[in-house]
Colleague: 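Can you read through this structure? Questions will come right after.
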Amino acid sequence: MKTLAAALCCCILASCAGPKNGAYSFQILTTNDVHGTFFDSTYVGGNVKKSLMAVKRTVDSVRTAVGKENVILIDAGDILQGDNAAYYFNYVDTVTSHVYPRMAKYMGYDAVTVGNHDIETGHKVYDRVARDLESYGIPFLAGNAIRNDNGKPYFSVYTILKRRGVRIAILGFDNANISNWLSERLWSGMKFENLMDIVQKDVDKVVAKEKPDVVIVSVHSATGSGDGSQLESQGLDLMKTLRGVDFLICSHDHKPVVIPSDTLCLINAGSHCRYVGHGVISLTVEKRKVASKELSCELIPVDRYKIDPEMEKEFHDDYLAVKDFTTREVGELMVDLGTREAYTGMSHYLNLIHTLSISCSPAQISFAAPLTFNGFVRKGKLIYNDLFTIYPFENQIYVVRMTGQEIKDYLEASYDRWINTVDSPAGHVLKIADRDDARTGQKSWSFIERAYNFDSAGGLVYTVDVTKPRGSRIDIQSMAGGQPFDTGKEYKVAMTSYRASGGGGLMKEAGIDTGKIEERIVETYPEFRDLLYNYLKDNVSIDPAVIGDPVRIGHWEFIPEEIVKPAMEKDMRLLFPGRR
């Protein structure tokens, strides 16, 4: 018995001593910002899109080449929002096991990171997904989401993989800026720590406890500029400071990039399954310790047409359920809706958004922006799929108290992101630039700021003078019904939960502390898409005469026309050189 005990002790010590001497190589494959692109179909029109079906084929090609045990597959978050499939299993069919955890298991993910849009789905959804993932042995990681009641992480912090005797640690963290985008109701019971304050500490704890040979950190944070100025974009900030980490996986900004280094490689695979991030780490082990490491990284383009046929077959019933839901008729559209028209003045698209927002009692005014750069829905029969084009996000509507002065300051801030001050038609009235698009790699004219922060107001009559600087551009003449507008009076304003929580920074620029926004909220409504669906059930059609009623939504325009019209036409030709 003593001999047996001694032998067991030797075995245990040997297993703890590290991998056997020799050379090892591991392939780290990454995805991020999948945004619900689970299936390769657009559900209508027969179009094929990049999807997890194609990612599976790409990943398996690497597994076949180097051996499954040498491949680590990680996702860096923002999975549960952005496509009909995610919406359907988040909110419509909540009885069937959610499709994403089943897909993650089928694809062989080793770890999944929580993203801000995953949190946006609410506790019922992401708690359910976390449980399902964990039941398949896949951790849902967010080490900086800290519980308020006991100070412990709400999600898992890390996982340890053991491959051929090599110990691989994967740590995951969510975006630190969530409280400035999402209502606390969606992340109740926790807070999100700054990544610069917590990631290195957690890495040090894991290294001390687990003694890993390889360390991978996955953050749902943008690559950023590395100057420490952006809470939502801390990738390069971390890359400059992290110690003891081999790979840093970034995400969130949808900009594919790799930054190689001898000691730490950064990988950001972009979004929507366009690329698979690919890192390689080669180890030399001597005396059961890692004596040297070599790192490299790249992006592997995903071919949308090359999918895993077995995966398609496995999830075909799920696909049909989503397709049946999203292709059912919901009403009629009596006019084309396009977001590009919203950049030049009032548009049918934003008239619809404002009409529905102001109908949220007791709202008197609404703020809204175009939510896709060039979204378009043609008039005719509407199916549920069209509602995703009209409104792609799961934003709730909040009715918030604001003073007249705060409303004017808000609009001044919004239009300052949108337009320049010009004194002749020769200038660019829109804030655009001819530059490389980091998301596509192609040079083109684009807005300098993000168009989904170009809020206009419904319920007011006002003008925007492009010849004047910020602070004096907006002239509010009256309320939509002709009543006087008073900067000293308080009004009820409908806006998205994203905006009310601080998203885009417009509320802050209006002097409002969004950390105390609950004190200003007087009413909340469901997601906007639900409001739109209910409107169609009640009214059957979207009529331009109804949604454009000036008594309800007011009127606004850029002035003076002799400068605005030719300058705007020129800028729009640069932004949209082709015809629809």
Side-chain angles (χ1 to χ4, degrees), residues 14-32 59 62-63 65-76 109-111 113 139 141 143 157-173 195 199-219 221 223 226 234-251 257-269 275-300:
S15 67
C16 294
K20 294 179 180 179
N21 295 343
Y24 299 82
S25 182
F26 296 97
Q27 317 282 316
I28 293 88
L29 300 180
T30 72
T31 55
N32 56 268
V59 170
V62 179
R63 287 174 173 151
V66 302
K68 184 178 179 180
E69 72 279 7
N70 296 317
V71 176
I72 296 105
L73 180 58
I74 303 168
D75 187 272
Y109 273 94
D110 294 294
T113 310
L141 302 173
V157 179
Y158 73 99
T159 188
I160 298 291
L161 308 180
K162 298 176 183 177
R163 301 288 175 84
R164 298 163 55 205
V166 175
R167 294 172 65 81
I168 302 166
I170 305 171
L171 297 87
F173 303 87
L195 299 186
V199 175
Q200 186 66 64
K201 291 179 181 177
D202 281 352
V203 167
D204 292 343
K205 290 176 185 177
V206 170
V207 169
K209 179 181 178 182
E210 302 288 355
K211 303 293 188 297
D213 303 297
V214 177
V215 178
I216 302 168
V217 169
S218 172
V219 296
S221 187
T223 304
Q234 295 186 298
L236 281 176
D237 299 333
L238 288 167
M239 190 175 185
K240 288 180 177 181
T241 59
L242 282 178
R243 305 177 310 277
V245 176
D246 300 300
F247 287 95
L248 175 63
I249 304 168
C250 294
S251 54
V257 65
V258 292
I259 303 176
S261 164
D262 293 336
T263 56
L264 172 60
C265 285
L266 183 150
I267 303 173
N268 184 333
Y275 296 94
V276 169
H278 181 211
V280 180
I281 182 165
S282 299
L283 311 174
T284 301
V285 176
E286 298 175 358
K287 297 180 181 179
R288 291 191 174 274
K289 291 185 178 180
V290 175
S292 66
K293 294 180 180 180
E294 290 185 8
L295 309 176
S296 65
C297 55
E298 64 174 353
L299 296 173
I300 303 174

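Each residue takes its place number in the sequence, starting with 1.
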Colleague: Evaluate Tyr275 against Thr31 for side-chain hydrogen bond (donor to acceptor under 3.5 Å, both in side chains), listing each step before the verdict.
Modeller: CA-CA 7 Å; Tyr275 296 94; Thr31 55; over 6 Å; no
Colleague: For the side chain to side chain donor-acceptor pair (under 3.5 Å) test, which of Ser221, Ser251, Ser218 pairs with Thr113?
Modeller: Ser218
Colleague: Would you kindly say whether Tyr24 and Thr284 are connected by a side-chain donor-acceptor distance under 3.5 Å?
Modeller: no
Colleague: Does Ala208 offer a backbone N or O that forms a donor-acceptor pair with the side chain of Lys211 under 3.5 Å?
Modeller: yes
Colleague: Tell me if a side-chain donor or acceptor on Lys240 pairs with a main-chain N or O of Gly226 at a distance below 3.5 Å.
Modeller: yes
Colleague: Do you know the tightest heavy-atom contact between Val206 and Ala169?
Modeller: CG1-CB, 4.0 Å
Colleague: In Å, rounded to the nearest 0.5 Å, how long is the span from CD1 of Ile168 to CD1 of Ile72?
Modeller: 3.5 Å
Colleague: As an exercise, state the distance from CD of Glu69 to CG of Leu161, rounded to the nearest 0.5 Å.
Modeller: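 Nearest 0.5 Å value for the CD-CG distance: 13.0 Å.
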Colleague: Minimum heavy-atom separation for Cys265 to Pro260, with atom names?
Modeller: SG-CA, 3.9 Å
Colleague: For Asn70 and Arg63, which I'm curious about, is there any donor-acceptor pair between the side chains at under 3.5 Å?
Modeller: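 Arg63 and Asn70 do not have a side-chain donor-acceptor pair below 3.5 Å.
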Colleague: Do the side chains of Leu171 and Val199 get nearer than 4.5 Å, heavy atoms only?
Modeller: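 Sidechains of Leu171 and Val199: no contact.
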Colleague: Drop me the distance from Cys250's SG to Leu238's CG, to the nearest 0.5 angstrom.
Modeller: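 Nearest 0.5 Å value for the SG-CG distance: 7.0 Å.
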Colleague: I want to check something: taking the side chain as every heavy atom from C-beta on, are Leu295 and Asp262 in contact at a cut-off of under 4.5 Å?
Modeller: no
Colleague: Any side-chain to backbone donor/acceptor pair from Asp213 onto Arg167? Under 3.5 Å, distance only.
Modeller: yes
Colleague: Calculate, to the nearest 0.5 Å, the distance between atoms CD1 and CG belonging to Ile216 and Asp246 respectively.
Modeller: 7.5 Å
Colleague: Please check this pair: side chain of Glu210 against backbone of Ile160, looking for a donor-acceptor N/O pair closer than 3.5 Å.
Modeller: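 Side chain of Glu210 to backbone of Ile160, a donor-acceptor pair under 3.5 Å: no, none is there.
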Colleague: Which heavy-atom pair separates Val203 from Gly244 by the least distance, and what is that distance?
Modeller: CG1-O, 4.3 Å
Colleague: Determine whether a donor-acceptor pair (N or O, by modelled atom type, separation under 3.5 Å) exists between the side chain of Asn21 and the backbone of Lys287.
Modeller: yes
Colleague: Do the side chains of Arg163 and Asp110 get close enough for a salt bridge, i.e. N-O under 4.0 angstrom?
Modeller: yes
Colleague: Can you see which heavy atom on Thr30 is nearest to which on Ala269, and at what distance?
Modeller: O-CB, 3.9 Å
Colleague: For a quick test of reading the model, state the closest non-hydrogen atom pair linking Ile170 to Leu141 and the distance between them.
Modeller: O-CD1, 3.9 Å
Colleague: Please report the shortest heavy-atom distance between Arg164 and Ser25, naming the atom on each side.
Modeller: NH1-O, 4.1 Å
